Amino acid sequence: WLVIAVGLVRAYLTKGSYHSLYYSIEKPLKFFQTGALLEVGVYFPGIVPSSVVLTAFQVMSRVFLTWAVTHSVKEVQTEDSVLLFVVAWTITEIIRYSFYTFSLLNHLPYLIKWARYTLFIVLYPMGVSGELLTIYAALPFVRQSGLYSISLPNKYNFSFDYYTFLILIMISYIPIFPQLYFHMLHQRRKVLSHTEEHKKSE
């Protein structure tokens, strides 16, 4: 994710504009975000303490957005909303993996712990806004092209409308995002208040 961050900064400095920066980090974004699927398996044996369901949803939704929306609908790749979620994901993951690394080394700086449980307050809504706006921008192109849709009649007697599916995906954010967000707020209160109490006891 640091590679992606450096790529974004270099591309911005070269172009002098934040528009269409997606192309400068397209390959590493696809590689690292798809690789995050391996991370879901890490939670099952309990190597990293976190919610399997919440982690799986986050990873799967990001992989879906990377391949099934941004990669598949070329027209949205120039949208500023793509940069919005890419920047949010990048900052979030750099902080999160730093948190896990220093925790494993038993030397976790308070600044990283604070960033892990504070910056999400802005980054989560920022990322979700970028994701939803990107899916919304893709809808007209999906409807026009019939992308991934299956029409009747066919030998399987089965139909699938990808346009409607994307709308359902957007609607699913309504119940799921608040759960993720309030889960992190709860974790923030628990972790940071515990840290403050520990400091006072010392």
Side-chain angles (χ1 to χ4, degrees), residues 1 3-12 14-41 53-93 122-181:
W1 287 99
V3 170
I4 294 173
V6 171
L8 285 172
V9 172
R10 289 182 62 184
Y12 174 76
T14 302
K15 294 179 61 176
S17 170
Y18 63 86
H19 297 295
S20 303
L21 291 184
Y22 170 77
Y23 300 108
S24 64
I25 49 85
E26 181 179 7
K27 289 181 180 179
L29 176 68
K30 289 175 179 176
F31 178 78
F32 291 119
Q33 189 55 71
T34 305
L37 288 170
L38 297 172
E39 186 178 337
V40 178
V53 176
L54 293 178
T55 301
F57 171 77
Q58 279 189 303
V59 172
M60 292 303 296
S61 65
R62 288 182 178 186
V63 171
F64 175 83
L65 199 76
T66 300
W67 289 101
V69 180
T70 311
H71 170 77
S72 300
V73 186
K74 307 294 184 185
E75 291 84 353
V76 303
Q77 294 176 0
T78 56
E79 293 287 330
D80 292 341
S81 57
V82 173
L83 182 63
L84 197 62
F85 73 70
V86 168
V87 169
W89 292 359
T90 302
I91 297 173
T92 298
E93 295 307 281
V122 174
L123 293 173
Y124 267 31
M126 177 180 164
V128 166
S129 298
E131 292 169 25
L132 288 173
L133 288 171
T134 300
I135 296 173
Y136 181 77
L139 289 176
F141 303 104
V142 170
R143 169 175 268 181
Q144 184 179 11
S145 65
L147 180 70
Y148 299 144
S149 296
I150 302 172
S151 302
L152 288 171
N154 57 65
K155 63 179 181 179
Y156 301 108
N157 197 30
F158 170 80
S159 66
F160 175 73
D161 184 18
Y162 190 54
Y163 176 86
T164 303
F165 179 72
L166 287 180
I167 293 175
L168 293 175
I169 290 290
M170 293 177 71
I171 294 173
S172 74
Y173 276 72
I174 297 173
I176 295 174
F177 171 70
Q179 289 188 52
L180 287 168
Y181 197 68

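These values consider heavy atoms only, across backbone and side chains, with no hydrogens, waters or symmetry-generated copies. Just so it is clear, the model here is predicted, and its values are computed rather than measured.
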Might you confirm whether atom NZ of Lys15 has over 12 heavy atoms from other residues, nucleotides or ligands at distances under 6.0 Å? yes
Using atom types as modelled and distance alone, determine if a side-chain donor or acceptor of Ser61 lies under 3.5 Å from a backbone N or O of Gln58. yes
Does the side chain of Phe64 reach to within under 4.5 Å of the side chain of Glu131, using non-hydrogen atoms? no
Between Phe160 and Tyr162, how do the two ring planes meet: parallel, tilted or perpendicular, split at 30° and 60°? tilted
Is it the case that the ring center of Tyr181 lies less than 6.0 angstrom away from the ring center of Phe177? yes
Spatial distance of atom OG1 (Thr92) from atom OH (Tyr124) [nearest 0.5 Å]: 6.5 Å
For the residue pair Phe85 and Thr70, establish whether any side-chain heavy-atom pair is separated by less than 4.5 Å. yes
Knowing that exactly one of Val86, Val6, Val3 qualifies, which makes a side chain to side chain contact (heavy atoms under 4.5 Å, CB included) with Ile25? Val86
For atom OH of Tyr23, decide whether the heavy atoms of other residues, nucleotides or ligands shown that lie under 6.0 angstrom number more than 12. yes
Would you name the heavy atoms of Ser24 and Gly7 that are closest together and state the gap between them? OG-O, 3.9 Å
Just by distance, with hydrogens left out, do Tyr136 and Glu79 show a side-chain donor and acceptor under 3.5 Å apart? no
Yes or no on side-chain contact (heavy atoms from CB on, under 4.5 Å) for Ile4 and Trp89, after CA distance, side-chain angles and deciding distance? CA-CA 10 Å; Ile4 294 173; Trp89 292 359; over 6 Å; no
Are any of the side-chain heavy atoms of Tyr163 and Leu139 separated by less than 4.5 Å? yes
Start with the C-alpha distance between Phe141 and Leu147, add both sets of side-chain angles, then the distance that settles side-chain contact (heavy atoms from CB on, under 4.5 Å), and finish with yes or no. CA-CA 8 Å; Phe141 303 104; Leu147 180 70; over 6 Å; no
Check Leu21 against Tyr12 and note the closest heavy-atom contact, atom names and distance. CD2-N, 3.9 Å
Full working for side-chain contact (heavy atoms from CB on, under 4.5 Å) between Trp1 and Gln33: CA-CA 9 Å; Trp1 287 99; Gln33 189 55 71; 3.3 Å; yes
Side-chain heavy atoms of Asp80 within contact of His19, under 4.5 Å: yes
Smallest separation among heavy atoms of Pro125 and Ser129, with atom names: O-OG, 2.7 Å
Check the pair Val87 / Tyr18 against side-chain contact (heavy atoms from CB on, under 4.5 Å), numbers first and verdict last. CA-CA 11 Å; Val87 169; Tyr18 63 86; over 6 Å; no
Any side-chain donor-acceptor pair under 3.5 Å between Ser72 and Tyr148? yes
Using 0.5 Å steps for rounding, measure from the CE atom of Met170 to the CZ atom of Phe165. 13.0 Å
Does any non-hydrogen side-chain atom of Tyr22 lie less than 4.5 Å from one of Leu83? no
So which heavy atom on Gln77 is nearest to which on Glu26, and how close? NE2-OE2, 4.3 Å
Atom CD1 in Ile167, atom CG in Asp161: separation rounded to 0.5 Å? 8.0 Å
Closest non-hydrogen atoms of Ser159 and Leu152, given as atom of the first, atom of the second and distance, are CB-CG, 3.7 Å
Hey, are the side chains of Leu166 and Val69 touching, using non-hydrogen atoms and a 4.5 Å cut-off? yes
Quick check: closest heavy atoms across Pro178 and Ile174, and the distance to 0.1 Å? CD-O, 2.9 Å
Please determine whether the number of non-hydrogen atoms from other residues, nucleotides or ligands lying under 6.0 Å from atom CE of Met60 exceeds 12. no
Please tell me if the side chains of Glu93 and Phe32 come closer than 4.5 Å, counting only heavy atoms from C-beta onward. no
